[in-house]
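Below is one structure, written out as structure tokens; comments come after it.
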Amino acid sequence: MILVLNKNVSKSEIDVLKKKLRDYGYIVKEIQGVDELILGVVGQIKQDMRYFETLPGVSKVIPVSKPYKLVSRDLHPEPTKIQVGNVVIGGDRLVVIAGPCSVETRDRTLEIARKVKSCGALLFRGGAFKPRTSPYSFQGLGEEGLKILAEVRDETGMGVVTEITSPAQADLMMKYVDVVQVGARNMQNFELLRCVGRLGKPVLLKRGLSATIEEWLMAAEYILSEGNDQVILCERGIRTFERYTRNTLDLTAVPVVKKLTHLPIIVDPSHATGIREKVLPMARAAVAAGADGIMVEVHTEPEKALSDGPQSLYPEQFEQLMRELHVIAPVVGKQLDYDYLAKAAYVKDLKVDEVAVAYAGVPGSFSYKAAIQYFGEDLPLKNVTSFKDVFEYVARGEAKWGVVPLENSLSGSIHTNYDLLMLYDLFIVGELTLRIVHNLVGIEGAVLDKLKTVYSHPQVFEQCSEFLSEHPGWDLVACKDTATAVARVQREGNLTSAAIASSEAAKLFGMAVIKEGIETHPQNFTRFVIISRESLQNGPKDKSSMVFSVSNKPGALYEVLKIFAEGGINMVKLESRPMHGRPWEYLFYVDLEIDLDLDENKWVVDELRKKTEVFKYLGSYRQGAKMV
Ligand code: PEP
Ligand code: MN
């Protein structure tokens with residue numbers, strides 16, 4: 001049952017109300033909605049609904065008709081994000097859990113851990129208590145296995161996930177692991193569910209072998225009802241009449257679960273298929289379907305594995321999978337970065353009150369999304385009004401980093417930011433790609449035919465030029481950024497105005513999407529860069545950027561390109577643009593696949609300085625698209 005409270009309800013009224021409800025034995029959750037405060041009331045309801053309506057401070061009572069309450073979206077509309085060390089599950093960054101089926105030996109486990117970490121795995125899995133179908137199969141190393149997992153965490157920084165098979169193991173779990181897994185065979189072991197509900201550690205709850213989604217969510221309800229709302233659901237395939245694969249992966253569970261509950265969901269394609277070759281395609285499909293992450297079994301010698309060898313990936317396959325997920329993630333609005341743990345550790349060292357990341361625009365803008373996707377959810381962000389201010393803040397040390405867009409796949413380079421990079425002594429220290437989906441956003445009830453004015457950023461008009469050309473009568477009004485455009489439409493409250501912005505911005509301002517996906521080409525990506533006064537210490541880099549001009553004589557550019565050709569340096573971008581105030585002279589933007597911060601590559605910069613007129617080294621960083 002949901003109690004919607006009066007808008008002007010006082011803190012003391014809320015406290016009295018909560019106490020009264022708790023005295024009846026109900027579980028009470030306070031939830032801040034978009035513009036109202038609600039109380040979720042769960043338990044065996046003893047009174048008539050009308051009784052609750054009469055309580056002071058209550059404006060409305062809404063019954064929750066579903067059998068699961070605490071896990072339901074009705075009660076908690078925002079997605080739950082679960083923190084495991086520095087890793088967040090359920091946010092914008094994909095979480096990959098990898099490792100062997102069972103912890104076999106210390107050396108083998110560490111070998112696999114190092115490998116999966118180098119490919120970008122964030123959490124490590126490995127069973128120490130194995131629920132095997134046959135009593136004669138390997139049953140796991142028990143506490144010794146947990147000790148090995150703890151060693152993996154200490155060495156690699158990856159949090160560890162392992163299965164609990166009995167409440168008797170609770171103390172051991174508290175001592176050694178970060179996420180406790182309840183396996184498919186135990187999904188309806190209610191005593192175990194209650195036990196992990198009291199553990200106060202994140203729980204990975206697998207779907208039972210033949211459990212319906214409702215039964216699965218009811219199992220999660222057990223855990224939440226004990227006070228633990230850190231539950232990650234894991235779809236791992238169900239029993240069907242199909243025998244070709246070990247189980248049948250029910251991918252529809254991903255969007256279904258996302259709608260029904262606020263809890264994050266990940267997919268385990270290893271147990272779902274049981275066949276190594278089928279793991280990659282199903283993992284890709286899981287991410288495309290909107291899963292918050294995946295859990296896969298990886299082994300360095302699967303033929304010798306003590307359990308689940310046939311479904312364990314070779315390390316090379318895992319590496320390939322990570323590369324593929326890296327490409328798919330931005331398409332579905334997420335990121336998969338290979339240096340998440342290093343960045344997160346760096347970010348954690350910041351003082352809490354330090355303004356860490358400056359971006360231009362307001363929450364809901366694409367720059368905001370880029371900042372969150374690159375640095376994670378908890379970082380202090382500072383929104384400023386222009387790209388120039390981003391540079392100013394970083395240059396003055398008032399922000400440690402800045403996030404600015406540099407180029408778009410439809411509308412080209414953002415020259416303002418290249419100019420600012422020339423002007424300020426700052427470095428590019430990272431990059432990320434966002435897929436940009438534009439929507440026409442208006443107030444509730446606005447329709448396409450009645451629109452007269454459309455607000456957005458000029459670059460956005462360019463990216464939607466085809467759609468806009470179908471509506472030549474519209475007045476296009478430029479705004480600083482897309483979220484500001486939405487705010488303006490909301491403020492004016494006019495049915496004839498709309499903004500072009502992301503669906504997140506629409507949601508944030510409580511606005512309706514009139515038409516989805518109006519960008520000229522769906523392959524619309526913007527590359528953002530992270531700027532800083534100093535380099536981000538996140539391991540070796542593989543990309544460098546620069547701007548230069550050459551003298552106006554034959555072969556001048558050729559002389560520069562020769563340096564790259566002879567040095568065997570791959571050039572991934574070359575763009576020219578006219579120089580301000582010097583007609584017919586050009587600046588060149590160049591990106592190279594090389595770490596120019598390394599001493600052994602300093603000669604490249606020396607040579608470039610000799611062969612160019614203006615030369616500005618912009619920095620070396622890790623390519624978003626490559627693991628090192
Ligand atoms: C496992 O993850 O090792 C496992 C036993 O999975 P499931 O419970 O899904 O069979
Ligand atoms: Mn297994």
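Source: prediction; values computed, not measured. Start at 1 with the first residue, then count along the sequence. Order of listing sets the numbers, starting from 1, for every ligand and every atom in it.
Residue Gly183 has no N or O atom closer than 3.5 Å to an N or O atom of ligand 1. Of the polar atoms of Lys130, at least one N or O is found under 3.5 Å from an N or O of ligand 1, judged by distance alone.
Those atoms of ligand 1 that come under 4.0 Å of a heavy atom in Glu297, given as number and element, are 3 (O). For ligand 1, the atoms lying closer than 4.0 Å to a non-hydrogen atom of Arg185 are 7 (P), 8 (O), 10 (O).
No side-chain donor from either of His326 and Asp337 sits under 3.5 Å from a side-chain acceptor of the other.
Summary: OE2 is the N/O/S atom of Glu297 found nearest to the Mn ion (ligand 2). Nearest to the Mn ion (ligand 2), among the N, O or S atoms that Asp308 has, is OD2.
Heavy atoms only, all atoms of each residue included: Leu263 and Ala220 are closest at CD1-CB, 4.1 Å. Pairing each heavy atom of Gln169 with each of Glu163, the nearest pair is OE1-O, 4.5 Å.
Considering only non-hydrogen protein atoms, atom 8 (O) of ligand 1 sits nearest to Ala184 N, 2.7 Å. Scanning the protein heavy atoms around atom 3 (O) of ligand 1, the nearest turns out to be Arg125 NH2, 2.8 Å. If you check which protein heavy atom lies closest to atom 4 (C) of ligand 1, you get His271 NE2, 3.5 Å. Closest to atom 6 (O) of ligand 1, if we only count protein heavy atoms, is Lys206 NZ, 2.9 Å. When only non-hydrogen protein atoms are considered, atom 9 (O) of ligand 1 lies nearest to Arg236 NE, 2.5 Å. In terms of protein heavy-atom proximity, atom 5 (C) of ligand 1 is closest to Glu163 OE1, 3.7 Å.
Thr526 places no side-chain N or O within 3.5 Å of a backbone atom of Ser409 that could act as its donor or acceptor partner.
With respect to Arg207 and Asp268, no salt bridge is recorded, no charged nitrogen being found less than 4.0 Å from a carboxylate O.
Residue contacts with ligand 1 include Gln181, since one of its heavy atoms falls under 4.0 Å from the ligand.
In this structure, Lys343 satisfies the cation-pi test against Tyr374, with its NZ or CZ atom closer than 6.0 Å to the six-membered ring centre and inside 45 degrees of the ring normal.
Rounded to 10°, the angle formed at the Mn ion (ligand 2) by SG of Cys101 and NE2 of His271 is 170°.
Residue pairs meeting the ring pair (Phe, Tyr, Trp, His ring centres under 6.0 Å) criterion with at least one partner in residues 170-193, sequence neighbours excluded, are Phe190-Tyr222. Among residues at least two apart or in separate chains, there is no ring pair (Phe, Tyr, Trp, His ring centres under 6.0 Å) pair with a member in residues 84-121.
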Worked verdict on Tyr314 versus His299 for ring-ring contact (aromatic ring centres under 6.0 Å, His included):
CA-CA 6 Å; Tyr314 288 102; His299 199 286; 9.3 Å; no
